[in-house]
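So that the names make sense, note that chain A is the first sequence line, chain B the second, and so on, each numbered from 1.
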There are 2 protein chains.
Amino acid sequence: MEKKLEIFSHFEECPVRKVLNRCGDKWSVLILLVLGEVDNMRFNKLHKTIGDISQKMLTVTLRTLEADGLIKRTVFPEIPPRVEYEITERGKSLLVHINNLVDWAEENMEDIMESRAKFES
Amino acid sequence: MEKKLEIFSHFEECPVRKVLNRCGDKWSVLILLVLGEVDNMRFNKLHKTIGDISQKMLTVTLRTLEADGLIKRTVFPEIPPRVEYEITERGKSLLVHINNLVDWAEENMEDIMESRAKFES
DNA sequence: AACATTAGTTACTTGAAAGTAAGTATCTCA
DNA sequence: TGAGATACTTACTTTCAAGTAACTAATGTT
């Protein structure tokens with residue numbers, strides 16, 4: 001009789017992964033971090049703030065974050081257009097854990113880089 | 001005078017991203033979760049436990065986790081070979097935050113799926 | 001002599017994420 | 001008249017993570 005790993009049930013049909021994969025992409029976390037620091041932000045301001053993201057990827061990533069209810073998109077019917085993005089309560093509750101991860105990464109970064117350097121040799 | 005976002009300094013040369021990107025891959029988190037539940041585990045047992053990972057990706061992912069000092073690899077000079085993997089203290093300290101994320105994902109999964117469904121329509 | 005076992009390696013292919021660059025609509029301002 | 005602003009979309013290309021499948025070394029087992 002082998003001990004069955006509980007973990008496996010979590011991943012059998014990967015519902016958790018369905019959620020977390022969206023955060024594992026290149027830009028989602030960064031956008032959440034930015035929107036977590038302000039009340040709201042417009043598209044072009046986000047673009048300039050992040051700097052090296054393309055318009056396309058900004059659009060795509062904002063859309064998936066919106067689809068998951070992590071951010072809210074508000075369109076003002078003006079010309080030229082105005083669209084404001086803000087983080088939602090759900091987004092904020094995720095951001096807490098993301099910030100914990102970021103903090104962990106900052107705390108452990110030096111040690112990890114040292115480990116990597118040793119490992120190479 | 002615009003308010004400068006603090007966040008930006010974190011990502012200027014992306015040291016945090018250098019660390020976290022490794023956790024955003026397809027298998028690292030799962031392997032850490034598995035190794036967090038046992039004292040140690042051999043290569044083939046990991047392979048069977050995870051099920052749908054290829055030998056190559058298991059090797060590759062174990063190597064990067066080892067390089068970062070998140071797991072420890074111990075080779076016993078026997079034939080046939082025996083190699084045991086175990087999570088390190090550093091790995092455990094990361095796992096705490098990963099588990100928080102997994103818990104958050106489980107708690108919010110239903111709502112998120114509902115949001116996604118609404119968004120499609 | 002050939003097969004099993006363990007923990008891999010190697011070479012090649014695939015697919016999805018991301019990047020690039022140009023185009024769009026509508027109005028204002030010079 | 002035409003340039004600028006805003007928030008995109010579209011079509012095409014590139015890149016890299018991941019997948020596939022075959023091969024390896026060294027010994028014990030039938």
Nearest-0.5 Å distance that lies between atom CD1 in B/Ile31 and atom CD1 in B/Ile87
11.0 Å

Among all residues two or more places apart in sequence or in another chain, which pass the salt bridge (charged side-chain N to carboxylate O under 4.0 Å, His left out) test with A/Arg22?
A/Asp68

Set of residues satisfying side chain to side chain contact (heavy atoms under 4.5 Å, CB included) with respect to A/Met113, sequence neighbours excluded:
A/Met109, A/Arg116, B/Lys18, B/Val19

Rounded to the Å, how far apart are B/Met57 CE and C/dT10 P?
16 Å

What is the separation between atom CG on B/Leu58 and atom P on C/dG8, rounded to the nearest whole Å?
8 Å

Which residues pass the side chain to side chain contact (heavy atoms under 4.5 Å, CB included) test with B/Asp52, sequence neighbours left out?
B/Trp27, B/Ile50

Apply side chain to side chain donor-acceptor pair (under 3.5 Å) to B/Thr88 and list each qualifying residue two or more places apart in sequence or on a separate chain.
none

Does C/dA21 have OP1 or OP2 sitting under 4.0 Å from an N or O in the side chain of A/Lys56?
no

Only counting residues at least two apart or in another chain, list the ones meeting salt bridge (charged side-chain N to carboxylate O under 4.0 Å, His left out) with A/Glu89.
A/Lys92

Quick test: give all pairs of protein nitrogen or oxygen and nucleotides 3-7 of chain C nitrogen or oxygen below 3.5 Å, distance rounded to 0.1 Å.
| residue | atom | partner | partner atom | Å |
| --- | --- | --- | --- | --- |
| C/dT6 | O3' | B/Arg42 | NH2 | 3.2 |
| C/dT6 | O3' | B/Pro81 | O | 2.8 |
| C/dA7 | OP1 | B/Arg42 | NE | 3.0 |
| C/dA7 | OP1 | B/Arg42 | NH2 | 3.2 |
| C/dA7 | OP1 | B/Val83 | N | 3.2 |
| C/dA7 | OP2 | B/Asn44 | N | 3.1 |

For B/Asp111, what residues pass the side chain to side chain contact (heavy atoms under 4.5 Å, CB included) criterion, not counting sequence neighbours?
A/Arg90

Value in whole Å for how far the C1' atom of C/dA16 lies from NZ of B/Lys26
11 Å

Reading DNA chain D in the 5' to 3' direction, which nucleotide is the first one with an atom under 4.0 Å from a heavy atom of chain A, and which is the last?
D/dA5 to D/dA11

Atom pairs and distances, donor-acceptor, side-chain atoms in residues 58-67 of chain B, under 3.5 Å, two or more places apart:
| residue | atom | partner | partner atom | Å |
| --- | --- | --- | --- | --- |
| B/Thr59 | OG1 | B/Gln55 | O | 2.9 |
| B/Thr61 | OG1 | B/Met57 | O | 2.6 |
| B/Thr64 | OG1 | B/Thr61 | O | 3.0 |

Side chain to side chain contact (heavy atoms under 4.5 Å, CB included) against A/Asn99, all qualifying residues, sequence neighbours excluded:
A/Leu33, A/Leu95

For A/His47 and C/dT20, give me the distance from atom NE2 to atom P, rounded to whole Å.
10 Å

Gap between atoms CG and P, on B/Asp25 and C/dA16 respectively (whole Å):
18 Å

Taking five pairs at each end of the helix from C/dA1-D/dT30 to C/dA30-D/dT1, what angle separates the two helix axes (nearest 10°)?
30°

Do any N or O atoms from the side chain of A/His97 and from the backbone of B/His97 form a donor-acceptor pair under 3.5 angstrom?
no

N/O donor to acceptor pairs below 3.5 angstrom from side-chain atoms of residues 70-80 of chain A, sequence neighbours left out:
| residue | atom | partner | partner atom | Å |
| --- | --- | --- | --- | --- |
| A/Arg73 | NE | A/Tyr85 | OH | 3.2 |
| A/Glu78 | OE1 | A/Arg82 | NE | 3.3 |
| A/Glu78 | OE2 | A/Arg82 | NH2 | 3.0 |

